S.K.: 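Shown below is the structure under consideration.
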Amino acid sequence: MSQYLETLNPAQREAVTTLRGPLLIVAGAGSGKTRVLTYRIAHLLENGIAPWNILALTFTNKAAREMKERIANVVGEKVAGQLWMGTFHSIFLRILRIEAETLGYSPTFSVYDTSASQGAIARIIKEMNLSTDDYAPRRIAARISMAKNNLVLPAQYLNEPLIAEQDSRSKIPRTGEIYEAYQQALRRASAMDFDDLLLQMTLLLGHYPEIRQRYQEKFAYILVDEYQDTNVVQNRILNQLAEQHHNLCVVGDDAQSIYAFRGAKIQNIIKFPSTYPELKMVKLETNYRSTGAIVEAANRLIAHNPNQIRKVCRASTDGGDDIEISTAFTDMEEANFVAQHIQTTALREKAQHGQFAILYRTNAQSRLLETGLRALNIPYRVYGGTSFYQRKEVQDLLAYFRLVVNPADEQALLRVINLPARGIGATTLAALAAGANAREVSLWDYLQDIERTAISLRAATLGAIVQFRELIKGFLGRVHTAEAYGLAEEIYRKSGLREALELDTTPEGESRVGNVGEVFNSIKEFSEAKVESGEADLVTLPMYLDEVSLLTDTDKEEEGENERVTLSTIHSAKGLEYDYVYVVGLEENIFPSRRASEEPGGLEEERRLCYVAVTRAAKHLTLTHALSRSTYGQSQRNPQSRFLGEIVPGYHAQGVEYLPANSSTGSSAWRGGTGRTAQNQRLNPSVAKPRGATAPAAINPSALREPATPPEQLSAGDSVLHPRFGRGEILELQQQGGDPRAIVQFINEPKPRTLVLRYAQLRKI
DNA sequence: CTTCCATATATTTTT
DNA sequence: TATATGGAAG
């Protein structure tokens, strides 16, 4: 027996060594799932299965990369590189590129990200003259995405009475038509959105038996990670591929299914046994990550969900710290408490900041937490949020690349045709779109003989269009032969994008230039990696685009990860673990969120989300809630989350009365010095042990009551105090125009702010 | 055609 | 409270 098998427990060993037939591995949190998957692949290889016959699918690039690395450690880089291992989307993209022509797509088809897809849908809604109040593009896009994820094509969508009824009740009866037009637009642009990468894949396998058979034979062994998060289409594809050999191994935990809102079907994992009656089921129930106290807390919580695959999770070690619960008066005090708690704990336990994570339900909650951490000089990083790749300047540049690779790409064309401003405005574009639509060709095709067809355009506008067309044409021929970096640079330069960006010397402008620089760095890194690994001799722009269009921020590794506290939504934290975890905002209407509790099954999903949050903690778990919280600028009071009582039976925030909602004068009224400002209890043993819990306020409130300095007495270089942002230095004063403004760098802010002096109430210090 | 200001709008989001 | 979007002025 191989050495690695000896390091596994019996259940893990069974999961690793059962090579043939359908296998369901129910893997509780922290049960060594990745280890099992890794060893299982190693074991397959050891038993003579060729790496190219193994398909291993994950949801995130990060998970794929991690597993690839770990397998490479066991079997070597060369063999690991030959595995078909990656995300659903990236693997299917790879296959769809090969088979594109069968489906009537160009092999250079574009991949639309969410914003491109929404843009295309918005265009159609406008062209159909529908009100964007009822037909909010976001909403329609979500509806279409849901349809695609559930394998409902436009024809079915239009014919399904149930859907028609739903849509007319929601006042969006023409959604089906939009869906149909959208799919046509995608084809004309030779583009697929994220959902299409799955949908077209299943259509390919469904409509072409010989192709299906080829892939069935090729992928004789299939492994799927996070199976509880698969949607209808993904599940269908898996069944299609596994039809012949039935060697389908899925790993998941129904208790951690948190993506139903994106179409994930928890039923896939629950019904897996009935799809494959001959299956073997293995339950991994030993949690090697968390202490007994944490595992028990998680078990108590999840026990409130009725629909589950039964399993009994046990900790590998008993005991551990009790779960800590803290009640704060306000969200700001909650944030300060957490920051303070982290500082004290890090000192006392000699723990690295990288071992701490603060988890919240919504991204908006990160702001106060950041302020709290900054006030104590605790380094942190915010996971997720606005992605690097969603920055305007980055998207603009990538749109140029996309257009050069696939000039039919309408969204890319629309994005850059007037960028930098060339005098091709909305009116002109509407005329062009009308012309293209009338002829049923892509915009790009329509531009080809625009000199003859567009009569109504002004000479200057026509000239600008022709010039742009020739600019793009100059790149087209070289896309597949030129090296990515050089071509990218040339595009950046010749398009005028570079000049336009570099002209802006404001701090924001400079950061934009920096971001573009990062893109170029990533092109270089990507190219070098591909050449070094021998995967390619020549790395072209299309290859880079395929990589980058399926990449998210979370995939980027950052410097100094170990020294920084992680701030993350619970969703983004799935799969990660930290010694010290703070789950904040445990209040009704926040967590569980109001919307979720209104939807059927929503509450259970929120509870699973909470389960995910709790099980991220290895050593110590702190739960916090605030009596009052400002949302959208308004103060709100929410009762404690029901989850608190489920985790710690009988828990009620004690010793604090609900205070009137925060008034405009600030919270200094109860910050005065006497009495505790927050209640903090250590539970179980049930004797509540209060302790002082509030961090020093970032800004001394009394200092702010002093009158502001009149604007005319301020000058650049002055140190000033702002009621909200605190201390800062004036970088520049702007007099031009109506209101005099000041650009101020605050010590607690990453970048300078521009303030209108009339309102800003700055005080010179 | 571009710029600016008012107004609306507001989960979670692996791809 | 921030941000996105759309209409009116430049």
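Treat the numbers as computed from the prediction; the structure is a model and nothing was measured. Just so it is clear: chains get the letters A, B, ... in the order the sequence lines come, proteins before strands, and each one is counted from 1.
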S.K.: Of all the nucleotides listed (dT15(B), dA2(C), dG6(C)), which has the minimum atom distance to the side chain of T87(A)?
M.R.: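 Nearest to the side-chain atoms of T87(A), counting from C-beta on, is dT15(B).
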S.K.: Give, ordered by number, those residues of residues 253-263 of chain A having at least one heavy-atom distance below 4.0 Å to an atom of DNA chain B; if nothing qualifies, reply none.
M.R.: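 Of all residues in residues 253-263 of chain A, the ones placing a heavy atom under 4.0 Å from DNA chain B are Y259(A), F261(A), R262(A).
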S.K.: Once you apply a heavy-atom cut-off of 4.0 Å, does N418(A) come out as touching a base, just sugar-phosphate, or nothing?
M.R.: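 Counting heavy atoms under 4.0 Å across all strands, the contact made by N418(A) is with sugar-phosphate only.
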S.K.: The criterion is side chain to side chain contact (heavy atoms under 4.5 Å, CB included); which residues satisfy it with S145(A), sequence neighbours excluded?
M.R.: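 Once residues adjacent in sequence are excluded, the partners of S145(A) under the side chain to side chain contact (heavy atoms under 4.5 Å, CB included) criterion are N149(A), D195(A).
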S.K.: Looking only at the side chain of D229(A) (C-beta and beyond, no hydrogens), which of the listed nucleotides dT15(B), dT13(B), dT14(B) gets closest?
M.R.: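 Between dT15(B), dT13(B), dT14(B), the one nearest the side chain of D229(A) would be dT14(B).
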S.K.: Who pairs with R123(A) by salt bridge (charged side-chain N to carboxylate O under 4.0 Å, His left out), at least two apart in sequence or on another chain?
M.R.: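 So R123(A) forms a salt bridge (charged side-chain N to carboxylate O under 4.0 Å, His left out) with E127(A), E410(A).
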S.K.: Heavy atoms under 4.0 Å, any strand shown: does T428(A) hit a base, just sugar-phosphate, or nothing?
M.R.: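 Answer is sugar-phosphate: T428(A) comes under 4.0 Å of backbone atoms only.
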S.K.: Atom CG of L199(A) and atom C1' of dT15(B): how far apart are they, to the nearest Å?
M.R.: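 Answer to the nearest Å: 15 Å.
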S.K.: Please determine whether a side-chain nitrogen of the Lys or Arg among D254(A) and R608(A) lies less than 4.0 Å from a carboxylate oxygen of the Asp or Glu.
M.R.: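 Result for this pair is no, no salt bridge flagged.
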S.K.: When all nucleic acid strands are considered with a 4.0 Å heavy-atom cut-off, which category describes T427(A): base, sugar-phosphate, or nothing?
M.R.: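 The residue T427(A) makes sugar-phosphate contact but no base contact.
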S.K.: NA contact type, A63(A), heavy-atom cut-off 4.0 Å: base, sugar-phosphate, or nothing?
M.R.: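 Counting heavy atoms under 4.0 Å across all strands, no contact is made by A63(A).
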S.K.: Requiring both pairing distances under 3.5 angstrom, list the stems that contain DNA chain B and are made of three or more consecutive Watson-Crick or G-U pairs.
M.R.: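 B:1-10 with C:1-10 - these are the stems of 3 or more pairs that involve DNA chain B.
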S.K.: By salt bridge (charged side-chain N to carboxylate O under 4.0 Å, His left out), which residues pair with K68(A), not counting sequence neighbours?
M.R.: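 Checked K68(A) against salt bridge (charged side-chain N to carboxylate O under 4.0 Å, His left out); zero matches.
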S.K.: Suppose you measure atom P in dT12(B) against the same atom in dT5(C); what distance do you get, rounded to whole Å?
M.R.: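 These two P atoms come out 16 Å apart once rounded.
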S.K.: In whole Å, what is the span from the CZ atom of R608(A) to the C1' atom of dT13(B)?
M.R.: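 In whole Å, dT13(B) C1' and R608(A) CZ are 16 Å from each other.
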S.K.: Quick one: side chain to side chain donor-acceptor pair (under 3.5 Å) partners of T631(A), sequence neighbours excluded?
M.R.: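 Counting only residues at least two positions away or on another chain, T631(A) forms a side chain to side chain donor-acceptor pair (under 3.5 Å) with Q636(A).
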S.K.: Test: side-chain hydrogen bond (donor to acceptor under 3.5 Å, both in side chains). Region: residues 581-590 of chain A. Which pairs qualify, not counting sequence neighbours?
M.R.: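 Those involving residues 581-590 of chain A are H341(A)-Y582(A), E587(A)-R629(A), E588(A)-R642(A), N589(A)-N638(A).
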S.K.: Starting at the 5' end of DNA chain B and moving along, which residue's nearest nucleotide shows up first, A421(A) or L609(A)?
M.R.: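 Looking at the nearest nucleotide for each, A421(A) comes out on the 5' side.
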S.K.: So, using salt bridge (charged side-chain N to carboxylate O under 4.0 Å, His left out) as the criterion, who are the partners of R469(A) when residues are at least two apart?
M.R.: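 With sequence neighbours excluded, R469(A) shows a salt bridge (charged side-chain N to carboxylate O under 4.0 Å, His left out) to E451(A), given in chain and number order.
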S.K.: Counting C-beta onward and ignoring hydrogens, is there a side-chain heavy-atom pair between T108(A) and P542(A) closer than 4.5 Å?
M.R.: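 Result no, sub-4.5 Å side-chain heavy-atom pair not found.
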S.K.: Apply side chain to side chain donor-acceptor pair (under 3.5 Å) to D134(A) and list each qualifying residue two or more places apart in sequence or on a separate chain.
M.R.: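 Per chain and number, D134(A) pairs via side chain to side chain donor-acceptor pair (under 3.5 Å) with no residue.
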S.K.: Return all side-chain donor-acceptor pairs below 3.5 angstrom for residues 114-122 of chain A, not counting sequence neighbours, or 'none' if the list is empty.
M.R.:
residue: S115(A); atom: OG; partner: D113(A); partner atom: OD1; Å: 3.2
residue: S115(A); atom: OG; partner: Q395(A); partner atom: OE1; Å: 3.4
residue: S117(A); atom: OG; partner: Y182(A); partner atom: OH; Å: 3.1

S.K.: Could you give the CD-to-P distance, from Q118(A) to dA4(C), as a whole number of Å?
M.R.: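 About 12 Å, once rounded to whole Å.
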S.K.: With D253(A), which residues qualify under side chain to side chain donor-acceptor pair (under 3.5 Å), at least two apart?
M.R.: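 If we apply the side chain to side chain donor-acceptor pair (under 3.5 Å) test to D253(A), skipping adjacent residues, the hits are Q256(A), K311(A).
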S.K.: Please tabulate, one pair per line, each protein N/O and nucleotide N/O from nucleotides 9-11 of chain B that are separated by under 3.5 Å, including the distance.
M.R.:
none

S.K.: Distance check needed: dT15(B) P versus I237(A) CD1, whole Å only.
M.R.: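 Result: 17 Å.
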